[in-house]
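What follows is a single structure, written as structure tokens, with notes after it.
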2 protein chains.
Amino acid sequence: MPVTSPSIFRTTYAEIAAKAGVSRATVSRVLNGDDRVNTERAQAVMDAASKLGYRTNRAARALSTGRTGQIAVVIDDSPSVLSDPFWGVVLAGISRVLMANDIHPVLMVSPLESEDSPIANYLEGGDVDGAIFLTVHKEDVVHQLAQKGLTVVVIGTPTDLKSDIVYVDTDNRAGAELATKHLLTSGCKEVATITGDISAVAGIDRLEGYHAAHLSLGLEVNEELIAHGDWSFESAKTLTLRLLARHPDIDGIFAANDAMALGVMAAVYERGRLVPDHVAVVGFDDNIMAQTHRPGLTTIRQDILGLGAAAAESMLSILQGETPAPKILPTELILRESA
Amino acid sequence: MPVTSPSIFRTTYAEIAAKAGVSRATVSRVLNGDDRVNTERAQAVMDAASKLGYRTNRAARALSTGRTGQIAVVIDDSPSVLSDPFWGVVLAGISRVLMANDIHPVLMVSPLESEDSPIANYLEGGDVDGAIFLTVHKEDVVHQLAQKGLTVVVIGTPTDLKSDIVYVDTDNRAGAELATKHLLTSGCKEVATITGDISAVAGIDRLEGYHAAHLSLGLEVNEELIAHGDWSFESAKTLTLRLLARHPDIDGIFAANDAMALGVMAAVYERGRLVPDHVAVVGFDDNIMAQTHRPGLTTIRQDILGLGAAAAESMLSILQGETPAPKILPTELILRESA
DNA sequence: TTAAATAACGAAATCGGTTTCACGCCAGCT
DNA sequence: AGCTGGCGTGAAACCGATTTCGTTATTTAA
């Protein structure tokens with residue numbers, strides 16, 4: 001056993017019990033807020049506990065109660081998802097809420113391909129009380145895990161809405177509508193869009209918002225102005241070049257996320273045109289890139305921190321035995337120079 | 001007790017023991033690779049275990065061994081550190097290595113102000129085998145924790161090098177030297193620098209690199225060309241405006257990180273000058289902003305994923321009873337348009 | 001005034017692995 | 001032949017908190 005002793009000092013119920021002159025059972029009762037204990041004794045226990053610097057041994061508690069006080073946060077790192085600042089902020093939101101409730105997030109960065117990948121296996125192992133999924137991995141795997149009794153919350157709307165999986169999401173549709181309307185009502189005649197991945201619900205919803213904006217303003221959508229990207233800077237850049245070549249009169253573009261909006265702008269400049277003078281651009285997310293880019297990107301801000309917090313709250317709520325409804329968070333138009 | 005039963009199925013040693021016709025002790029020995037067990041029996045145990053879908057109960061093991069198989073990853077979220085993609089990637093690196101060793105990272109996003117903040121308290125509680133600190137919080141707090149027996153690894157060089165705390169870092173000095181040399185040897189005559197926070201070692205080291213580059217080329221450093229920023233876009237922008245006003249002949253600027261490099265560029269444009277034509281700019285980090293910005297930012301790439309991985313490896317190494325040396329990771333110059 | 005109910009509390013079992021200890025057995029030694 | 005030394009194994013103790021189950025002591029109801 002090549003192991004050094006982690007010489008961290010711990011006091012146990014036994015010591016507190018001895019010092020306070022009660023049994024371990026009573027110590028447990030007091031420390032867990034059971035009010036049926038004689039006031040003086042309770043006080044004695046509290047005193048002893050704080051004097052001895054007691055800290056509960058979570059492993060022991062977990063073994064005894066079957067609750068670990070830990071929630072897995074699962075991130076699919078296909079290429080390198082965490083390099084997107086978005087997820088970092090979501091993590092912060094989750095962490096904040098969980099920690100406030102004395103629950104610890106266990107980070108698992110790894111693809112969750114199949115039902116018997118190491119992660120799935122671990123999640124079933126009962127070493128966490130639940131799992132929050134940050135990107136919709138194989139949705140069916142998540143389902144299977146839920147089926148097996150794992151408490152699950154996903155961030156992002158599931159494809160299969162009939163499933164009763166609890167989720168939280170940004171109001172992508174309304175946000176996209178807001179963005180598109182802004183372009184349409186601020187002088188643009190020909191507003192194109194670069195969509196995200198259309199196999200993802202977020203991608204679909206943001207496209208629907210684009211449609212909805214036209215509809216509510218009594219305008220027709222020209223299907224030729226819709227180009228299907230994949231959320232990436234590069235895809236947006238190429239698609240925009242193509243769009244502009246075919247439709248030189250385009251004067252506004254809604255990109256389904258900020259990274260693509262930057263790609264759009266890069267393309268616009270490459271064609272020798274200016275943002276927003278010739279082509280106005282609106283993005284979606286409001287991440288740092290949107291703020292530091294020149295010209296500043298007009299975009300839809302989602303409450304990312306709130307998204308994480310909401311997911312954590314839903315998780316806690318389920319763990320309390322409630323059945324929270326899905327939460328859809330509102331968005332906000334942030335005006336900068338690009339539109 | 002407002003609690004639902006997490007109905008996850010578990011099999012225990014007892015069941016395996018029964019099925020294989022041995023004692024629990026033997027099951028434990030087999031499953032932990034003790035080779036002193038009769039081969040046939042061992043095989044029987046293995047079969048039974050896999051047939052029953054055994055998964056070890058980490059809480060039970062932790063209680064028994066005193067090792068939890070968990071490492072805290074502590075992030076100071078003063079403003080909102082996680083919105084910097086840098087840390088997300090570090091996290092991924094840590095996670096990858098740890099998971100491969102069946103150790104789980106527990107995320108703690110919270111300021112670690114004092115020795116008795118909730119986090120410090122938790123870390124002392126022994127519910128993790130060690131802690132990796134992502135931004136150097138109050139360095140003395142980390143020391144105190146180490147003193148109390150917590151196994152500690154920090155990312156970033158500590159101010160107090162005499163302390164024997166294990167750390168990993170990027171070679172900031174060499175990277176900065178590389179950046180500055182690139183500017184000096186590609187035609188720039190007046191190369192300024194916007195430093196990072198000089199109270200941080202990374203800030204100091206990158207400034208030293210700037211000096212070293214001049215020195216090794218036999219050039220004098222003009223102290224007036226050094227402006228002290230705080231890593232932020234804004235600080236760099238204001239400082240650059242001031243520098244350019246006072247020294248119009250500046251034709252190259254090394255910014256101590258990418259965010260500031262973008263600030264520098266913003267300022268340069270605002271003065272009506274062009275990058276790299278009039279002023280060449282080099283950053284440090286190579287984050288997404290560097291890649292998506294126009295013009296592309298020439299910068300120093302650090303191996304961020306490797307940084308996290310190295311930290312995790314050092315942690316594992318300490319846990320094995322070894323005493324790893326600090327690791328300093330090399331950097332690389334990435335050429336784009338800005339210089 | 002007595003029986004039944006209730007309150008306060010401790011002894012002991014429990015959660016599921018790990019580890020010490022002792023026992024039986026066989027090989028190798030004198 | 002009689003010992004010593006290992007080896008393989010299981011019984012049982014143990015980690016620390018929780019919880020059931022009784023046992024007293026104190027009320028309340030009859």
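Order of the sequence lines sets the chain letters (A, B, ...), proteins ahead of strands, with each chain counted from 1.
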Which atoms of nucleotides 4-6 of chain D (N or O only) lie under 3.5 Å from a protein N or O atom, and what are those distances?
none

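- What separates CG of A:D34 from P of C:dC9 is a distance of 10 Å, to the nearest Å.
- Of all heavy-atom pairs between B:A120 and B:L145, the closest is O-CD2, 3.9 Å.
- Residue contacts for B:S28: at a heavy-atom cut-off of 4.0 Å it reaches a base atom on one of the strands shown.
- OP1 or OP2 of D:dT18 sits under 4.0 Å from a side-chain N or O of A:N32.
- Counting any heavy atom pair closer than 4.0 Å across all strands shown, A:R41 reaches sugar-phosphate atoms only and no base atom.
- Note that the OG1 atom of B:T11 and the CD1 atom of B:I16 stand 5.0 Å from one another [nearest 0.5 Å].
- For B:R58 (side chain) and B:G69 (main-chain N/O), a donor-acceptor pair under 3.5 Å exists by modelled atom type.
- Using a cut-off of 4.0 Å between Lys/Arg side-chain N and Asp/Glu carboxylate O, B:R61 and A:D127 are scored as not salt-bridged.
- To the nearest angstrom, C1' of C:dG16 lies 7 Å from OH of B:Y54.
- In this structure, CZ of B:R36 is placed 14 Å from C1' of D:dG10, rounded to the nearest angstrom.
- Mapping A:A14 and B:V37 onto DNA chain D by nearest heavy atom places B:V37 closer to the 5' end of the strand.
- Summary of helix geometry: the two end axes of the helix from C:dT1-D:dA30 to C:dT30-D:dA1, each defined by five base pairs via their C1' atoms, are inclined to each other by 50° (rounded to 10°).
- Remark: the B:S64 side chain and the C:dG17 base include a donor-acceptor N/O pair separated by less than 3.5 Å.
- Across all strands shown, B:T11 has heavy atoms under 4.0 Å from sugar-phosphate atoms exclusively, and none from any base.
- In this entry the distance linking OH of A:Y13 with C1' of C:dC9 reads 16 Å, nearest Å.
- Of the residues B:V168, B:V201, B:T170, the one that meets the side-chain contact (heavy atoms from CB on, under 4.5 Å) test with B:T157 is B:V201.
- Side chain A:R29 to base C:dG10: a donor-acceptor pair is found below 3.5 Å.
- A heavy-atom distance below 4.0 Å to DNA chain D is reached by these residues of residues 17-27 of chain A, ordered by number: A:R24, A:A25.
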